[in-house]
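Here's the structure, in structure tokens; my notes come after.
These numbers come from the heavy atoms of this one structure, side chains and all, not from hydrogens, waters or symmetry mates. So you know, we letter chains A, B, ... as the sequences are listed, proteins then strands, and number each from 1.
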Number of protein chains: 2
Amino acid sequence: MSEIIDNVDLRILKLLQKNAKYSLNDMAKELKIPKSTLAYRIKRLENLGIIKGYYTQIDPTALNLDYVVISLIKAKYGKDYHIRLGSKLGELPGVWGVYFVLGEIDFIVMARYKNREEFMENFLEKLMSMPEIERSSTQVVVKIIKESPNLVIW
Amino acid sequence: MSEIIDNVDLRILKLLQKNAKYSLNDMAKELKIPKSTLAYRIKRLENLGIIKGYYTQIDPTALNLDYVVISLIKAKYGKDYHIRLGSKLGELPGVWGVYFVLGEIDFIVMARYKNREEFMENFLEKLMSMPEIERSSTQVVVKIIKESPNLVIW
DNA sequence: TCTGAAATCAGAATGGT
DNA sequence: ACCATTCTGATTTCAGA
């Protein structure tokens, strides 16, 4: 890749990834660049699609979303089975992540529910009625030790 | 749970989770509540810890973080092995998620790297030198079909 | 592409219900 | 707890380098 992102851009992104509300004034002071330049840079990063958006982090526990599961899925072979299955999985309520992987497993699915009943109804039963699936094993998460998917720059 | 979050709060959170920069004016119009009430509600949700923060989503691909892996890990038994291993895994550079699960696997680890070399150096080699691990299998993600961990309300 | 200054607009503070 | 108004300060715009 060419140098479309320089060192200043990286420092801007590093500050923003942790706090979307960091003010132009404070940031400009910290980075020692004029605030209009900073604004110009940020706008540019947005337009390039490097900044994908600004989100609010909501505590899942506050909404009682304590039934966290990760499902490992093996698809049957057949044309389009994988593509179709992938998007079907992503549309299930409660599912926030679907990864297509290589190996013994085809898909890894991340999901959150309020309780076992909601999980059964919205996820497991639907999973079991999908003909594209050969087998699946679903893991219940006992403890989330780390979950910060927005961290991209260290 | 008691009614600390009512329907209006839920609607506020639903809008904010998709866009942290949604202005008080526009939101108030959409929700048909006065903007001062809206401000009051949001502040309350922040103070309660239900809103955990505002972050910027950066496109990992723009930073060449295309080598995405998910690792399934089985720990050896022994006192504190699990707790210690969990936090050790979370501290590896590139790791953004560590989940402790029940079953055949003990930990599921999510990580992103620039290429195979960085993955080997920062992840696999360190993993292989951890005595607490009995065995591990690491999956390379071919395609991220869905990844929106901020989605908590549908 | 970068910057300073002006203009606009959003969010915080206040005080009354 | 809710809401209208005021006030402060942040973001956007624009013209010039």
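- In this structure, CG of Leu38(B) is placed 15 Å from C1' of dA1(D), rounded to the nearest angstrom.
- If you take CD1 of Ile42(A) and C1' of dC2(C), they are 15 Å apart, rounded to a whole angstrom.
- Residues Ile145(B) and Phe107(A) have side chains in contact (heavy-atom distance under 4.5 Å, counting atoms from C-beta outward).
- Side-chain contact between Met120(A) and Tyr67(A) is absent, with no heavy atoms from C-beta onward closer than 4.5 Å.
- Other cluster members for Ile105(A): Val68(A), Ile70(A), Leu72(A), Trp96(A), Tyr99(A), Val101(A), Ile108(A), Met110(A), Val141(A), Ile144(A), Val68(B), Ile70(B), Leu72(B), Trp96(B), Tyr99(B), Val101(B), Ile105(B), Ile108(B), Met110(B), Val141(B), Ile144(B), joined by side-chain heavy-atom distances under 4.5 Å among Ile, Leu, Val, Met, Phe, Trp and Tyr.
- Rounded to whole angstrom, the span from the CD1 atom of Ile12(A) across to the C1' atom of dT1(C) amounts to 13 Å.
- Taking the side chain as every heavy atom from C-beta outward, Asp9(B) and Arg44(B) approach each other to under 4.5 Å.
- For residues 24-35 of chain A, proximity to DNA chain C is found at Pro34(A), defined as any non-hydrogen atom under 4.0 angstrom from a strand atom.
- Look at CD on Glu46(A): it is 11 Å from C1' on dT11(D), rounded to the nearest Å.
- One axis for each end of the helix from dT1(C)-dA17(D) to dT17(C)-dA1(D), each built from five base pairs, and the angle between them comes to 30° at 10° resolution.
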Give me the distances for all protein-to-nucleotides 13-17 of chain D N/O pairs that come in under 3.5 Å?
none

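- Salt bridge status for Arg112(B) with Glu147(B): present, with a side-chain N to carboxylate O gap under 4.0 Å.
- OP1 or OP2 of dA1(D) has at least one side-chain nitrogen or oxygen of Tyr40(B) nearer than 4.0 Å.
- Tyr77(A) has its side chain within reach of His82(A): a pair of non-hydrogen atoms, C-beta onward, lies under 4.5 Å apart.
- Hydrophobic clustering of Ile, Leu, Val, Met, Phe, Trp and Tyr side chains at less than 4.5 Å, counting indirect connections, unites Val69(B) with Val95(B).
- A straight line from CG of Asp6(B) to C1' of dA1(D) spans 11 Å, rounded to a whole angstrom.
- Linking ILVMFWY side-chain heavy atoms closer than 4.5 Å, directly or via other members, places Ile5(B) and Leu38(B) in a single hydrophobic cluster.
- Among the nucleotides dA10(D), dT3(C), dC3(D), the one closest to the side chain of Thr37(A) is dT3(C).
- In this structure Ser148(A) satisfies the side chain to side chain donor-acceptor pair (under 3.5 Å) test with no other residue, sequence neighbours excluded.
- Contact check for Leu92(B) versus Val109(B): no side-chain heavy atoms found under the 4.5 Å cut-off.
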May I have the list of side-chain donor-acceptor pairs in residues 11-18 of chain A shorter than 3.5 Å, sequence neighbours left out?
from, atom 1, to, atom 2, distance (Å)
Lys14(A), NZ, Trp154(A), O, 3.0
Gln17(A), OE1, Val152(A), N, 2.9
Gln17(A), OE1, Ile153(A), N, 3.2
Gln17(A), NE2, Ile153(A), O, 2.6

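- With the nearest nucleotide of DNA chain C identified for both Arg41(A) and Tyr22(B), Arg41(A) has the one nearer the 5' end.
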